Engineer: 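Here it is, the structure, as C-alpha cells.
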2 protein chains.
Amino acid sequence: MENNNIKILLVDDEADILEFLSYNLKKQGYQIFTAKNGKQALIKAKEIIPHLVLLDIMMPEIDGIEACEQIRKIDTLNNTLIAFLTARGEDYSQIAGFEAGADDYISKPIKPKVLVSRIKALLKRHNDYKLDLRIDNQKIIKNGNILIDKNNYKVTVNNEIVNLTKKEFYLLLLLISKPEKVFTRDEIFSSVWGENVVVGDRTIDVHIKKLREKIGDEHIVTIKGFGYKFV
Amino acid sequence: MENNNIKILLVDDEADILEFLSYNLKKQGYQIFTAKNGKQALIKAKEIIPHLVLLDIMMPEIDGIEACEQIRKIDTLNNTLIAFLTARGEDYSQIAGFEAGADDYISKPIKPKVLVSRIKALLKRHNDYKLDLRIDNQKIIKNGNILIDKNNYKVTVNNEIVNLTKKEFYLLLLLISKPEKVFTRDEIFSSVWGENVVVGDRTIDVHIKKLREKIGDEHIVTIKGFGYKFV
DNA sequence: TACTAATCTTAACATAAAATTAACATAGAC
DNA sequence: GTCTATGTTAATTTTATGTTAAGATTAGTA
C-alpha cells in the first residue's frame with residue numbers, strides 16, 4: 001500500500017513538535033495534517049477522516065484523553081487509529097486513558113525511526129485485521145479438494161502444493177471465506193487491495209485468471225455484472 | 001502452555017514482598033525465582049532465562065530501570081517480558097520504564113487477583129511461534145546434515161564445524177525450530193531481534209545470506225511476499 | 001581504559017519475481 | 001447484432017529480496 005494515501009492528523013500545542021513530526025512523517029510519504037489543540041483536532045478529524053491521529057496528552061482546553069474519547073464517539077471515525085504522545089514525567093494516571101480508546105502510545109523524546117516503525121506496525125496491524133489474518137483464528141481452511149494453511153501461506157489442491165503469490169493468496173482467502181457468496185469487484189478491491197489503493201480495471205481479472213490456472217477453473221465462477229464467487 | 005513451565009523472576013529488596021508475591025504466584029503453578037537487587041537479578045536472569053521478570057523500581061545499587069535496560073541488552077533474553085512494580089507516587093518512573101523497554105507496570109499495593117490476571121494477560125502475548133529457549137531445553141538439535149549444539153553456538157554441517165555469530169545462530173534456531181513453517185519478517189524480527197529493536201529492512205537479508213553461505217543454500221527457502229522457511 | 005577484532009547494521013545497487021497496464025479478443029445481455 | 005463486462009496476452013512497472021562493501025557497534029583483551 002502506498003503511504004501517500006495515508007492521512008495522519010498530528011495534534012500538539014507545541015509548534016516545534018508539530019514541525020518535527022511533520023517533517024519525519026512527510027518524508028515517509030504520509031499526508032500530514034495538524035491541529036494545535038483538542039478542539040481543533042476534533043473539527044479537522046471530522047473533516048479529513050484521517051487513518052491515524054497522533055495525540056499529545058498534555059494540551060490546553062481539551063486535553064488528549066478527552067479528545068480521544070470524543071473522537072471515539074464519532075462514527076465516521078470508526079476506523080481511525082489513535083496513538084498518544086506522552087512525555088517523560090507526565091503522570092501515568094493520564095496515560096491510563098489507554099482505556100479511553102487509544103491504540104498505542106509513543107513516548108517522548110521521540111526518535112524518528114521508532115516513530116515511523118511504530119506507525120507502520122499500527123497501520124499494518126489494522127490492515128491485517130481487516131484481511132482476517134488475525135481475527136479468524138481458524139488457521140486451516142478446507143473446501144473440497146482445496147486446503148489452505150494460513151500459518152504457512154500454503155495452498156494444496158488435490159494434495160499437490162500450489163504456489164500462490166501474495167495477491168493470489170489473499171484473493172483466494174477472501175473468496176473461499178464465504179463460498180457461494182458473490183463478491184463484487186469493489187468488495188474485492190477494498191479487502192485485498194485496501195481502501196485507498198487505485199488500480200486499473202483489468203487487474204482483478206488478471207489475478208482471477210492466474211488463480212484459476214493454479215487451482216482449477218471450476219472453483220471460481222464469474223457472475224457477469226456482479227462479481228465472482230467460489231464454489 | 002502449562003503454567004508450570006513458566007518461569008518468573010521476582011526482584012525486590014524487601015523480603016516480605018518477595019515472600020508475598022512468591023506465595024501467590026506459586027499457587028498458580030508458576031516456577032518462581034527471586035533476587036533481591038538489580039545485580040543479582042541480572043545474574044539469575046541470564047542463568048534461568050525467565051519468561052517474565054517482575055522488577056521493583058526502587059532498589060539499592062542498580063535500580064529497576066537500569067536493570068531493565070541491561071536485561072534488554074542480553075540477547076538470550078529477547079523474548080523475556082519485563083513488568084515493573086511501582087508504588088503509588090512513583091509515577092514518573094513508569095514512563096521512564098516503558099522507555100527502558102518494559103512491557104507492563106503493576107502498581108502497589110498489589111492485589112493478588114489483579115497481579116495474576118495481569119500476568120496472564122502479559123504471557124498471552126507470548127506467541128508460540130516465538131523461539132523459546134526455555135522450554136525446549138534440548139541442547140542438541142539434529143536435522144538432516146545439520147547439528148546444533150546450543151551450549152556453544154556451534155553448528156555442524158556434514159560433520160564439519162561451522163562458526164555462527166549469535167544473530168545467525170538464533171536465526172537458524174528459530175527457522176529450524178519448525179521446519180517447513182514460513183516465518184514472516186515480523187516474526188523473525190520480534191523473535192531474533194526483540195520487540196523494541198528497530199533495524200533496517202535489509203538486515204534480515206544480510207543475515208540470511210551469511211547463514212546460507214555457512215550452512216548451504218538449500219536449507220533456507222525464500223517464500224516471496226511471505227518470509228523464509230527451513231527445509 | 002583503550003585497542004583490536006569480530007559482529008552487526010546500513011546504504012547503494014542488482015536482480016528476479018510479482019503486479020499492473022494496455023491493447024485487443026470474446027462472450028453474454030439486451 | 002450491438003454493447004459492455006470480462007478474458008487474455010505480453011510488455012512494462014513496481015516491489016521484494018539478494019548482494020556487496022563500508023561504517024558503526026560491541027565484545028574481548030591487553
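Keep in mind the model is a prediction, meaning the values are calculated, not measured. Throughout, a chain's letter reflects where its sequence line sits, starting with A, and its residues are numbered from 1.
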Engineer: Between C1' on D/dG18 and CG on B/Asp201, what's the gap in Å once rounded to a whole number?
Structural biologist: 13 Å
Engineer: Nearest heavy atom decides the nucleotide; on that basis, is B/Glu213 or A/Tyr228 closer to the 5' end of DNA chain D?
Structural biologist: A/Tyr228
Engineer: Mapping A/Ile208 and A/Lys166 onto DNA chain D by nearest heavy atom, which one lands closer to the 5' end?
Structural biologist: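 On the 5' side of the pair lies A/Ile208.
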Engineer: Is the closest side-chain heavy-atom distance between A/Arg212 and A/Thr222 below 4.5 Å?
Structural biologist: yes
Engineer: How many whole angstroms separate atom CG of A/Asp186 from atom C1' of D/dA5?
Structural biologist: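 After rounding, the gap between these two atoms is 14 Å.
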Engineer: Between the main-chain N or O of A/Thr165 and the side-chain N or O of A/Glu168, is there a donor-acceptor pair closer than 3.5 Å?
Structural biologist: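 Present.
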Engineer: Measure from the side chain of A/Val199, starting at C-beta and using heavy atoms only, and say which of D/dT6, D/dG7, C/dT20 lies closest.
Structural biologist: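 Taking heavy atoms from C-beta onward, the closest nucleotide is C/dT20.
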Engineer: Treating B/Thr184 as the side-chain partner and B/Phe226 as the backbone partner, does any N or O pair qualify as donor plus acceptor under 3.5 Å?
Structural biologist: no
Engineer: Sort by first number and list every stem of DNA chain C: at least 3 consecutive Watson-Crick or G-U wobble pairs, both distances under 3.5 Å.
Structural biologist: C:1-30 with D:1-30
Engineer: Considering just the side-chain nitrogens and oxygens of A/Thr165, establish if one lies under 4.0 Å of OP1 or OP2 belonging to C/dA19.
Structural biologist: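 Yes, because at least one side-chain N or O of A/Thr165 sits under 4.0 Å from OP1 or OP2 of C/dA19.
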Engineer: Walk me through whether B/Lys154 and B/Asn163 qualify under side-chain contact (heavy atoms from CB on, under 4.5 Å).
Structural biologist: CA-CA 6 Å; B/Lys154 278 211 177 116; B/Asn163 279 307; 3.1 Å; yes
Engineer: Measure from the side-chain N and O atoms of B/Asn143 to the backbone N and O of B/Ile146, and report whether any donor-acceptor pair falls under 3.5 Å.
Structural biologist: no
Engineer: Just do the side-chain hydrogen bond (donor to acceptor under 3.5 Å, both in side chains) check on A/Asn79 and A/His51 with the steps written out, would you?
Structural biologist: CA-CA 7 Å; A/Asn79 273 316; A/His51 294 87; over 6 Å; no
Engineer: Would you indicate which nucleotide in D/dT17, C/dG28, C/dT21 comes nearest to any side-chain atom of B/Lys224?
Structural biologist: D/dT17
Engineer: Rounded to the Å, how far apart are B/Asn163 CG and C/dA6 C1'?
Structural biologist: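 Atom CG in B/Asn163 sits about 12 Å away from atom C1' in C/dA6.
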Engineer: Give the intermediate values and the outcome of side-chain contact (heavy atoms from CB on, under 4.5 Å) for residues A/Phe169 and A/Tyr153.
Structural biologist: CA-CA 8 Å; A/Phe169 182 81; A/Tyr153 310 98; 3.8 Å; yes
Engineer: Measure the distance from CZ on B/Arg202 to C1' on D/dT15 and round it to the nearest whole Å.
Structural biologist: 10 Å
Engineer: The test is side-chain contact (heavy atoms from CB on, under 4.5 Å); show your working for B/Leu42 and B/Ile71 and say whether it passes.
Structural biologist: CA-CA 7 Å; B/Leu42 278 169; B/Ile71 288 171; 3.8 Å; yes
Engineer: Between atom CH2 in B/Trp193 and atom C1' in D/dT25, what is the gap in whole Å?
Structural biologist: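 Result: 15 Å.
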Engineer: Do any side-chain nitrogens or oxygens of A/His207 fall under 4.0 Å of OP1 or OP2 in C/dA18?
Structural biologist: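 Checking A/His207 against C/dA18: no side-chain N or O falls below 4.0 Å of OP1 or OP2.
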Engineer: Over how many whole Å does the gap from B/Leu171 atom CG to C/dT9 atom P extend?
Structural biologist: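 Spelled out: CG on B/Leu171 to P on C/dT9 is 11 Å.
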Engineer: What nucleotide, of D/dT6, C/dT10, D/dT17, holds the atom closest to the side chain of B/Thr203?
Structural biologist: C/dT10
Engineer: So, OP1 or OP2 of D/dT17: does either fall under 4.0 Å of a side-chain N or O from B/Arg185?
Structural biologist: yes
Engineer: Using a cut-off of 4.0 Å on non-hydrogen atoms, how would the nucleic acid contact of A/Lys167 be classed: base, sugar-phosphate, or nothing?
Structural biologist: sugar-phosphate
Engineer: Consider the side chain of A/Val206, meaning its heavy atoms from C-beta on, and name the nucleotide among D/dT6, D/dT17, C/dA22 that approaches it most closely.
Structural biologist: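 That would be C/dA22.
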Engineer: For the pair made of CG in B/Asp205 and P in C/dT10, what is the distance, rounded to whole Å?
Structural biologist: 12 Å
Engineer: Nearest to the side chain of B/Lys209, which nucleotide is it out of D/dT17, D/dT19, C/dT20?
Structural biologist: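 Of the candidates, D/dT19 comes closest.
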Engineer: Please give, in whole Å, the distance from C/dG28 P to A/Ile223 CD1?
Structural biologist: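 After rounding, the gap between these two atoms is 13 Å.
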